[in-house]
Amino acid sequence: MYSTTSQTDGQRRKEDAAHWVALTDARALLPDEQKQLDDWLQADTRNLGAFVQAKSIYHALDYRSGRHIAAAPVPAPSPPLARRHFLTAACAAGVAALVAPKAITEHFSLRHRGRQAPQRYEWHGNQITVDARSGAYFSSTQHHDAILIADGRIGLQIQRHPLHVTVGTMWLGSKKADFDISVQGSDVIVALYSGALNWKSPDKSLKLTSPNILLFSQGSKSSPVLVSKQTLPDDDAFAHKAWRDGQIIMNNYTLTEAVNEFNRYSDVQCLIASPALAQRRLSGSFSLVKLHDFAQAAALLLNCKIRQEKNTILFYS
């Protein structure tokens with residue numbers, strides 16, 4: 001079932017993931033099926049990622065059997081998270097480790113796929129902010145909470161209950177910390193504003209202290225590597241965290257950097273006519289969901305022009 005060529009490996013992995021997602025949602029797995037799923041998840045870290053993405057899409061479409069349907073969290077300032085039972089074999093603490101279902105006391109998914117402002121929730125006294133086009137899976141045991149981040153950007157303020165975070169083959173744990181995690185392809189960026197994190201990979205461990213921005217790189221066949229570590233001054237930390245409140249604080253951003261941020265939150269997409277204009281810099285504070293205000297201000301600051309068509313705004317000289 002899982003033998004593939006290099007050309008079709010990715011597509012087959014998606015098909016296999018969709019198969020397991022549909023099967024686990026429809027009924028409890030038989031013992032031999034559970035073993036097949038466990039073996040498949042452990043065989044390749046990319047299988048786990050495909051399973052996570054398939055499960056996310058499945059729930060985002062609300063395409064589930066009726067007995068599993070539960071109310072989703074209502075986006076509002078710090079609402080309690082609703083329970084959503086979605087994993088037969090849930091991912092919890094450890095490096096891509098599976099926890100026996102009986103050890104899980106609650107589990108649910110959060111996925112913000114559309115163009116919308118970041119959403120903030122409260123879970124066991126901890127604050128969680130999920131950015132646009134981001135997804136994660138949450139589970140609890142008697143001893144700790146756990147999050148498996150699929151993609152995008154998640155903000156975490158750990159205040160009351162210990163939390164374990166898994167990204168690919170990388171594991172982070174904390175009892176008290178304030179940090180963001182951004183997944184960008186094979187790169188994982190951790191902005192640690194306060195507190196400390198314990199980092200573990202299959203062959204190493206390290207205690208991370210604040211305030212720092214840390215860049216990790218993880219390939220499909222290699223352990224995560226700490227590529228860089230940069231001290232984060234208080235003023236920069238304030239700007240980095242602004243996205244949680246739906247704001248962007250630009251300090252000498254290129255137009256390309258600014259446009260990339262705004263394009264996450266709007267169906268209208270910004271384009272830049274020339275490389276020279278793309279590298280021009282600007283500063284300011286704007287709402288991430290008020291694209292037109294930004295476009296008009298950028299045109300004045302950069303002494304350029306804008307032209308809006310159906311679903312695009314073009315910056316040109």
Where at least one partner belongs to residues 235-252, residue pairs that pass salt bridge (Lys or Arg N to Asp or Glu O under 4.0 Å), sequence neighbours excluded: R120-D245, D178-K241, D178-R244, D180-R244
Spacing of W123 atom CH2 and R160 atom CZ [to the nearest 0.5 Å]: 15.0 Å
Any residue meeting side-chain contact (heavy atoms from CB on, under 4.5 Å) with L226, in chain and number order, not counting sequence neighbours: W199, L206, L214, F216
Distance-only donor-acceptor check, side chains Y253 and N260, under 3.5 Å: no
From Y137 atom OH to L110 atom CG, the distance as rounded to the nearest 0.5 Å: 10.0 Å
same_hphob_cluster(V268, L255) at 4.5 Å side-chain heavy-atom cutoff: yes
Verdict with supporting geometry, V167 and V183, side-chain contact (heavy atoms from CB on, under 4.5 Å): CA-CA 8 Å; V167 186; V183 181; 3.7 Å; yes
Within 6.0 angstrom of Q230 CD, more than 12 heavy atoms from elsewhere: no
Euclidean distance, L291 CG relative to N263 CG, rounded to 0.5 Å: 7.5 Å
Backbone N/O of T209 and side chain of N212: donor-acceptor pair under 3.5 Å: yes
Short N-O contact, E261 and R153, less than 4.0 angstrom: yes
Enumerate, atom names and distances included, each donor-acceptor pair closer than 3.5 Å involving a side-chain atom of residues 304-317, sequence neighbours excluded.
| unit_1 | atom_1 | unit_2 | atom_2 | d |
| --- | --- | --- | --- | --- |
| Q308 | OE1 | H292 | NE2 | 3.1 |
| Q308 | NE2 | H292 | NE2 | 3.1 |

Over all atoms of both residues, closest heavy-atom pair of V165 and L163: CG2-CD2, 3.9 Å
Derivation and outcome, side-chain contact (heavy atoms from CB on, under 4.5 Å), residues N126 and L156: CA-CA 7 Å; N126 297 327; L156 299 161; over 6 Å; no
Partners passing ring-ring contact (aromatic ring centres under 6.0 Å, His included) against F262 (at least two apart in sequence or in another chain): F294
Shortest non-hydrogen separation from P118 to G246 and the atoms involved: CD-CA, 4.2 Å
Taking every non-hydrogen atom, the tightest pair across P224 and Q218: CG-OE1, 3.6 Å
Distance-only side-chain donor-acceptor flag, R13 / N47, under 3.5 Å: yes
Any L41 side-chain heavy atom under 4.5 Å of W20 side chain: no
Residues I158, K175; criterion side-chain contact (heavy atoms from CB on, under 4.5 Å); working and verdict: CA-CA 7 Å; I158 313 308; K175 293 183 178 179; 5.9 Å; no
Distance (rounded to the nearest 0.5 Å) between I213 CD1 and L232 CG: 4.5 Å
Trace of the side-chain contact (heavy atoms from CB on, under 4.5 Å) decision for I128 with I154: CA-CA 7 Å; I128 299 167; I154 307 290; 4.2 Å; yes
Distance-only donor-acceptor check, side chains D145 and H124, under 3.5 Å: yes
From CG (N198) to CH2 (W171), nearest 0.5 Å: 5.5 Å
Heavy-atom pair with the smallest gap, counting every atom of V188 and M170: CG1-CE, 3.5 Å
Step-by-step salt bridge (Lys or Arg N to Asp or Glu O under 4.0 Å) determination, R264 to D131: CA-CA 9 Å; R264 294 174 62 91; D131 202 2; 3.1 Å; yes
Donor-acceptor contact present, side-chain Q34 to main-chain P31, <3.5 Å: no
Taking every non-hydrogen atom, the tightest pair across W243 and V130: CZ3-C, 4.4 Å
K35: which of D39, D32, D38 passes salt bridge (Lys or Arg N to Asp or Glu O under 4.0 Å): D39
4.5 Å side-chain heavy-atom contact, L172 and I181: yes
Minimum side-chain heavy-atom gap K176-Q159 below 4.5 Å: no
Side-chain donor/acceptor of S134 to backbone N/O of A132, under 3.5 Å: yes
Distance in Å, Y265 OH paired with L288 CG, rounded so as to fall on 0.5 Å steps: 5.0 Å
I248 reachable from L301 in the ILVMFWY side-chain graph, under 4.5 Å edges: yes
Name each donor-acceptor pair under 3.5 Å that joins a side chain in residues 272-286 to protein atoms two or more places apart or in another chain, with its distance.
| unit_1 | atom_1 | unit_2 | atom_2 | d |
| --- | --- | --- | --- | --- |
| S274 | OG | L277 | N | 3.2 |
| R280 | NH1 | L302 | O | 2.9 |
| R280 | NH2 | L302 | O | 2.5 |
| R281 | NH1 | N252 | O | 2.7 |
| S283 | OG | N252 | N | 2.7 |

Sequence-distant partners of Y193, ring-ring contact (aromatic ring centres under 6.0 Å, His included), two or more places apart: none
Donor-acceptor contact present, side-chain S210 to main-chain G195, <3.5 Å: yes
